[in-house]
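What you see is a predicted model; the values in this text were computed from it and never measured. Hydrogens, waters and symmetry mates are skipped; everything else that's a heavy atom, side chains included, is used.
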Amino acid sequence: QVQLVESGGGLVQAGGSLRLSCVVSGRTTRSLVMAWFRQAPGKEREFVARSDPINYSGGNTYYADSVKGRFTISRDNAKNTVYLQMNSLKPEDTAVYSCAAKIGNGRFDYWGQGTQVTVSS
């Protein structure tokens, strides 16, 4: 069973940075499509960023337009960990951030419990 555990959330002022981590157990990240989603209070969950393994799409990364140029998703397969570096944070980035994983095509089947990110103005 694949399990994901996020960490790194917290309270930060606008313009600041945070790095989220997602540690994966039960399967190597080398074979997983990994992504970050977020959900703000009263809003639907939305896609933030995605990282494909080398053997899936050549290791492509994808970003929501709202975070492009500010957030960076990366992976350390040796540590079975995926990161989300968030710079130039804005109050509208405030949300619970969740890590997700899937094997190949289809929907994301594995989810972490989420970590709260709060950006104050």
Side-chain angles (χ1 to χ4, degrees):
Q1 180 72 3
V2 178
Q3 293 186 321
L4 290 69
V5 179
E6 304 97 332
S7 62
L11 173 63
V12 63
Q13 289 188 333
S17 298
L18 281 175
R19 189 178 79 157
L20 306 183
S21 299
C22 173
V23 178
V24 181
S25 60
R27 192 177 184 101
T28 173
T29 51
R30 287 183 173 84
S31 64
L32 293 171
V33 175
M34 301 296 303
W36 288 94
F37 290 79
R38 68 186 182 186
Q39 187 167 20
K43 294 188 176 181
E44 296 289 318
R45 183 169 60 197
E46 65 174 356
F47 166 78
V48 175
R50 167 179 151 176
S51 167
D52 288 353
I54 294 291
N55 62 357
Y56 184 72
S57 71
N60 286 341
T61 56
Y62 308 87
Y63 296 93
D65 288 343
S66 58
V67 307
K68 206 171 291 183
R70 300 187 298 121
F71 290 11
T72 302
I73 188 171
S74 62
R75 58 171 69 209
D76 184 338
N77 289 329
K79 295 183 178 180
N80 241 36
T81 301
V82 177
Y83 304 98
L84 184 69
Q85 178 66 44
M86 306 185 294
N87 298 329
S88 302
L89 282 161
K90 304 175 181 180
E92 51 263 43
D93 294 319
T94 294
V96 174
Y97 285 71
S98 297
C99 180
K102 64 175 180 173
I103 303 167
N105 295 325
R107 66 179 186 180
F108 284 91
D109 290 321
Y110 307 104
W111 293 83
Q113 81 287 354
T115 185
Q116 176 71 46
V117 171
T118 302
V119 184
S120 63
S121 57

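- Q3 has its side chain within reach of S25: a pair of non-hydrogen atoms, C-beta onward, lies under 4.5 Å apart.
- Closest heavy-atom contact between N80 and T28: OD1-CA, 3.4 Å.
- A donor-acceptor pair under 3.5 Å links the side-chain atoms of E6 to the main chain of C99, judged by distance alone.
- One hydrophobic cluster holds both L4 and V82 under the rule that ILVMFWY side chains link at heavy-atom gaps under 4.5 Å.
- The two residues A40 and A95 come nearest to each other via the heavy atoms N-CB, 3.8 Å.
- For the atom pair F71 CZ and S17 OG, the distance stands at 9.5 Å (nearest 0.5 Å).
- Using a 4.5 Å cut-off on side-chain heavy atoms (C-beta onward), V12 and T118 make no contact.
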(message) What verdict does the side-chain contact (heavy atoms from CB on, under 4.5 Å) test give for D93 and M86, after you've listed the backbone C-alpha separation in whole Å, the side-chain angles of each residue and the deciding distance to 0.1 Å?
(response) CA-CA 9 Å; D93 294 319; M86 306 185 294; over 6 Å; no

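- Scanning all heavy atoms of the two residues, the minimum distance from S121 to A14 falls at CA-CB, 4.4 Å.
- In this structure, D65 pairs ionically with K68, as a charged nitrogen and a carboxylate oxygen lie closer than 4.0 Å.
- Listed here is the closest heavy atom pair of G114 and S98: CA-OG, 3.6 Å.
- Residues I73 and L20 are members of one and the same hydrophobic cluster, defined by side-chain heavy-atom contacts under 4.5 angstrom among Ile, Leu, Val, Met, Phe, Trp and Tyr.
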(request) Please step through side-chain contact (heavy atoms from CB on, under 4.5 Å) for the pair R50 and V33, ending with a clear verdict. (result) CA-CA 7 Å; R50 167 179 151 176; V33 175; 3.6 Å; yes

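- When all heavy atoms of A101 and M34 are compared, the pair lying nearest together is CB-SD, 3.5 Å.
- When side chains are defined from C-beta on, W111 counts as touching R45, because their heavy atoms get closer than 4.5 Å.
- Exactly one residue among L84, V67, T94, V96 makes a side chain to side chain contact (heavy atoms under 4.5 Å, CB included) with R38. That residue is V67.
- Residues Y110 and Y83 do not share a hydrophobic cluster, defined by chaining ILVMFWY side chains whose heavy atoms lie under 4.5 Å apart.
- Across every non-hydrogen atom of L32 and P53, the tightest pair is O-CD, 3.3 Å.
- If you chain together hydrophobic residues whose side chains sit under 4.5 Å apart, W36 and L89 fall into the same group.
- Using the six-membered ring where Trp is involved, F108 and F37 have ring planes that are perpendicular, over 60° apart on the 30 and 60° scheme.
- Separation of the Y62 and F47 ring centroids does not fall under the 6.0 Å cut-off.
- Between the side chains of T29 and R75, no donor N or O sits under 3.5 Å from an acceptor N or O.
- Side-chain atoms of Y56 and N105, non-hydrogen and from C-beta on, do get closer than 4.5 Å to each other.
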